[in-house]
Amino acid sequence: MFTDFGRYILLLKAVFKRPEQWKIYWKNIAHEMVYIGVNSIYLIGIISIFVGAVMTLQIAFQLQSDLIPKTIIGSVNRDSAILELSPTISALVLAGKIGSSISSEIGTMRVTEQIDALEIMGINTPGYLILPKIIAGVSMIPLLVIISIALNIIGGYIGGTFSGAITGADYYRGITEGFNPYTIVVSLTKAFVFGFIITSVAAYQGFYVKGSALEVGRASTSTVVISCISILCADYVITDLLL
């Protein structure tokens with residue numbers, strides 16, 4: 001474990017060296033932003049809407065009491081979406097979609113000796129291959145989380161009103177009353193850290209692949225497992241520090 005962590009730190013040190021030509025990097029960064037951000041909106045949107053709808057129904061079921069106002073359902077769903085559901089679930093989903101893809105891409109380049117060819121040409125391969133992915137991850141995943149929060153709340157409205165668990169007026173009052181903007185700061189902090197974990201861990205697993213194409217598949221599996229565990233650990237630490 002300590003050996004892997006040390007190699008991971010050394011790889012990050014090489015990644016954040018000053019680029020030779022920013023023009024080439026900007027092109028790669030734009031490409032990665034499209035792949036990580038734009039191409040993931042549909043998946044994140046579908047998941048967020050259904051999670052919001054289900055959470056509203058479950059909250060309404062657990063708060064069946066004449067002493068509890070219905071507006072509490074909207075408030076609980078809003079805070080749950082902002083603080084936990086949207087950043088964490090989105091990160092876990094993207095760890096499987098994006099993390100495995102990054103690991104496979106870089107791992108394939110390693111086993112086919114494309115990375116060796118780049119190193120012979122004098123190119124800083126960690127920076128050239130990994131830095132654009134990390135920049136795209138830490139910039140686009142927070143945007144995806146913002147979209148997820150909005151769709152989560154909308155899904156809660158749809159699920160609650162269609163099922164009759166809560167009226168639209170009560171839900172709207174619930175999500176607007178008692179809102180604390182600091183929760184958005186906590187959510188985006190989580191999203192930023194999760195974006196870094198997903199891209200950097202996937203890149204590390206792919207960059208140090210050895211062997212054949214079979215090892216590339218194993219590295220992709222390890223990427224998802226390690227990323228998910230790291231995300232959950234980071235989630236606990238950030239929540240403990242900021243709340």
Is [X] atom [atom1] crowded by more than 12 heavy atoms from other residues, nucleotides or ligands, each under 6.0 Å away?
X: F179; atom1: CZ; result: yes
X: F5; atom1: CZ; result: no
X: Y8; atom1: OH; result: yes

Considering non-hydrogen atoms only, spot the tightest contact between [X] and [Y] and give its length.
X: L242; Y: Y182; result: O-OH, 2.7 Å
X: N77; Y: M55; result: OD1-CB, 3.4 Å
X: T112; Y: T108; result: OG1-O, 2.6 Å
X: S187; Y: I149; result: OG-CD1, 3.7 Å
X: P142; Y: G137; result: CD-O, 3.8 Å
X: I82; Y: T183; result: CG2-O, 3.4 Å

Would you check if the side chain of [X] reaches a backbone N or O of [Y] as a donor-acceptor pair within less than 3.5 Å?
X: N152; Y: R78; result: no
X: S163; Y: G160; result: yes
X: T125; Y: I115; result: no
X: S103; Y: G99; result: no
X: K190; Y: L83; result: yes
X: S148; Y: L144; result: no

Quick one: are [X] and [Y] in side-chain contact, heavy atoms under 4.5 Å?
X: I49; Y: I154; answer: no
X: D235; Y: V193; answer: no
X: I9; Y: K13; answer: no
X: I47; Y: L151; answer: no
X: N28; Y: Y128; answer: yes
X: Y172; Y: Y157; answer: no

Taking atom [atom1] of [X] and atom [atom2] of [Y], what is their separation to the nearest 0.5 Å?
X: S139; Y: I135; atom1: OG; atom2: CD1; value: 8.0 Å
X: I44; Y: S90; atom1: CD1; atom2: OG; value: 4.0 Å
X: L92; Y: I229; atom1: CG; atom2: CD1; value: 11.0 Å
X: C233; Y: I197; atom1: SG; atom2: CD1; value: 8.5 Å
X: Y171; Y: S75; atom1: OH; atom2: OG; value: 9.5 Å
X: I98; Y: T199; atom1: CD1; atom2: OG1; value: 9.0 Å

If we ignore angles and hydrogens, is there a donor and acceptor under 3.5 Å between the side chains of [X] and [Y]?
X: Y35; Y: S40; answer: no
X: T223; Y: S100; answer: no
X: E84; Y: S80; answer: no
X: S200; Y: K133; answer: no

Are [X] and [Y] connected in the hydrophobic side-chain network, where two residues link if heavy atoms are under 4.5 Å apart?
X: L118; Y: V15; answer: yes
X: L94; Y: Y42; answer: no
X: L43; Y: M140; answer: yes
X: V185; Y: I146; answer: yes
X: I158; Y: I89; answer: yes

Report task. Take E215 and V111 through the test side-chain contact (heavy atoms from CB on, under 4.5 Å) and record every step on the way to the result. Result -> CA-CA 9 Å; E215 299 299 326; V111 298; 5.7 Å; no

Query raised in the report: Can the ring centres of Y204 and Y208 be said to be less than 6.0 Å apart?
Result: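 Judged by ring-centre distance (under 6.0 Å), Y204 and Y208 do meet the cut-off.
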
Requested in this report: Please test E32 against I134 for side-chain contact (heavy atoms from CB on, under 4.5 Å), starting from the C-alpha separation and ending with a verdict.
Outcome: CA-CA 9 Å; E32 296 297 336; I134 292 179; over 6 Å; no

Query raised in the report: For K70 and I73, what are the C-alpha separation, side-chain angles and deciding distance, and is it a side-chain contact (heavy atoms from CB on, under 4.5 Å)?
Result: CA-CA 6 Å; K70 291 290 187 179; I73 298 174; 4.2 Å; yes

Requested in this report: Tell me, with the steps shown, if F194 and V145 meet side-chain contact (heavy atoms from CB on, under 4.5 Å).
Outcome: CA-CA 11 Å; F194 295 163; V145 168; over 6 Å; no

Query raised in the report: Should the pair E105-R110 be classified as a salt bridge under the 4.0 Å nitrogen-to-oxygen rule?
Result: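 Between R110 and E105 there is no salt bridge, as every charged N stays at least 4.0 Å from the carboxylate O atoms.
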
Query - Steps toward side chain to side chain donor-acceptor pair (under 3.5 Å) verdict (T167, D170) - result: CA-CA 5 Å; T167 64; D170 287 339; 3.1 Å; yes

